[in-house]
Amino acid sequence: MRFILLWNTRKTEPVRAARSRVFLSLLAARHVPFALLMLITALAAFAADPATLAKGAAEEKRCVGCHGLRIIGTQRLNRTGWERELDKMVRWGATIKDRDALLHYLVATYGDDKPAAPLPRSESAKK
Amino acid sequence: MSFLAAGVTPFSASAQSPLSFPGKRSLMVHSEFPEDLETPVEAFDSWITPNDTFFVRQHLPRPKVAAAAYRLKVSGMVSSPLDLSLDNLRKMPQVKVAATLECAGNGRSYFRPKLPGLQWTKGAIGNAEWRGVRLTDILKKAGAATAARYGNFNGADVGAGKTPDFIRSIPMRKLMLESTIVALEMNGEPLPEIHGFPARLIVPGWDGASWVKWVNDLKVDEKPDSGFYFGTAYRYPKYAVGPGGAARPEDMEVLEGMAVKSFFTRPADQSKVKAGPVNVQGFAWAGEHRVTRVEISTDGGGKWQDARLGTQNIPFCWRTFQFSFTPPKPGHYVLCSRATDSSGRVQPIEAPWNPPGYLWNSIDRIGIMVEG
């Protein structure tokens, strides 16, 4: 378990769910092969994790046109909050190719468990 | 408008590095496109907020309106529809109105559970002197019908894709007030582009969303607009729903007057101060009401004492407050401020949580460390 915890520095929801699945199955398993199988499944989920995040990040880059990315990155929402945001944006004309990856990325990066985003200060400007 | 009017070009999302905005000093950037900029608390140091310091809120990208092509169209339930140029407006009687402008969502970042929308802290507020034409004069000129109940206002800004247009309805009872104007000037200068050049509404005491920028269309009607922003977005539940709660759509009312509120500007939160008297300052305001009292606590809300209110006591404007605090000994102190208004409202310990995250007006609180 320590190995898994060290690995999983980004505690994203699917990973957390997978981890507790492994934990429970290890506890409950009478049969080691079954537990091993679960462990492998969980590791596969981790392996997919960075790739999903990368896909989500790429998807976010397409969310421009109507506004910049900062209005997205300054939000701190849970999964339900992000789902609602995506529904609203799609209603307003955004096109999303890989919604699952985007949602995964948004929750992992701008979840309501994250500290508030630092706001940059602009430089003084003339008229 | 659902299409680009003549003389209107959308501001482009061109790269901006370093971040800077026309006519603006250093501000907190929530969004560079559209521009959503917050005034840092330490920059509030005068009763009038200078134009370069004033916060900026835009739902839709800022349009560029050419002065020569500008028209304010007045139609609907009127006997003589108008098509007023900037010159026409300048030739009408001009009045000056000082008024505080606050975004309905100012302080949203403090609500728990967290809410979507701009994560404003304390600085989506400012006070300015506006100059322009009374709405009553415009409505008289157009011959508005007595049966009319609303003015539905639109500006030159347009959304991309299927983004709803920003239209705001304001009831006649508010439009008929002497202080409700179409402003052409802000603090003695032509309205800056970022604040709605050439014309914006001034709706004193009401939420910023009713102060329509780049205003170019007024439809006089029996009914309010039913679009997204007025029909759904700028609404507040009739009763408190509790943290994370939901209200039925029919229980959401249009937001009008703002809450009673105060906040500290000096000393800075979590700053170190030397032993001796500490000059404590801030602002208090109450939407359409008057601030009658500001109390200060220096022990985290245990005991309260009256602050001295500034002599400038003008309807719809914030008031300054001042309090001299001599810490009895070194250490950490929690300072609180609580405003009361002429209608009897008092700033609460905790603003009621509400789905859109509006009207955050909890008692302000800062910490200071007094050195030994």
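The sequence lines fix the lettering, A, B, ..., with proteins before strands; numbering per chain opens at 1.
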Next on the checklist: Is there a side-chain contact between B:Trp353 and B:Pro113 in this structure, where contact means two heavy atoms from C-beta onward sitting under 4.5 Å apart?
Outcome noted: yes

Checklist entry - Are the charged groups of A:Glu59 and A:Lys97 less than 4.0 angstrom apart, N to O? => result no

Item to check | Nearest-0.5 Å distance, CG of residue B:Asp52 to CG of residue B:Asn187 | outcome: 10.0 Å

Next on the checklist: Please determine whether the number of non-hydrogen atoms from other residues, nucleotides or ligands lying under 6.0 Å from atom CZ of B:Arg365 exceeds 12.
Outcome noted: no

Item to check | Structural part of A:Leu77 lying under 4.5 Å from a heavy atom of chain B | outcome: side chain

Item to check | Side chain, backbone, both or neither of B:Leu115 within contact of chain A (heavy atoms, under 4.5 Å) | outcome: backbone

Item to check | Options B:His30, B:Arg25, B:Arg112, ranked by heavy-atom pairs under 4.5 Å with chain A, top entry | outcome: B:His30

Next on the checklist: I'd like to verify something: which residue of A:Ala116, A:Pro120, A:Gly93, A:Ala117 has the highest number of heavy-atom pairs under 4.5 Å with chain B?
Outcome noted: A:Pro120

Next on the checklist: Tell me if the CD atom of B:Glu350 is crowded by more than 12 foreign heavy atoms within 6.0 Å.
Outcome noted: no

Checklist outcome for this item: With chain A, the option among B:Gly161, B:Pro40, B:Ser109 that has the most non-hydrogen atom pairs under 4.5 Å is B:Pro40

Checklist outcome for this item: Bottom line for A:Glu123: the part with an atom under 4.5 Å from chain B's heavy atoms is both

Checklist outcome for this item: Pair count under 4.5 Å, heavy atoms only, with chain A: among B:Glu38, B:Gln119, B:Met28, highest is B:Met28

Next on the checklist: Is the shortest side-chain heavy-atom distance between A:Arg84 and A:Met89 below 4.5 Å?
Outcome noted: no

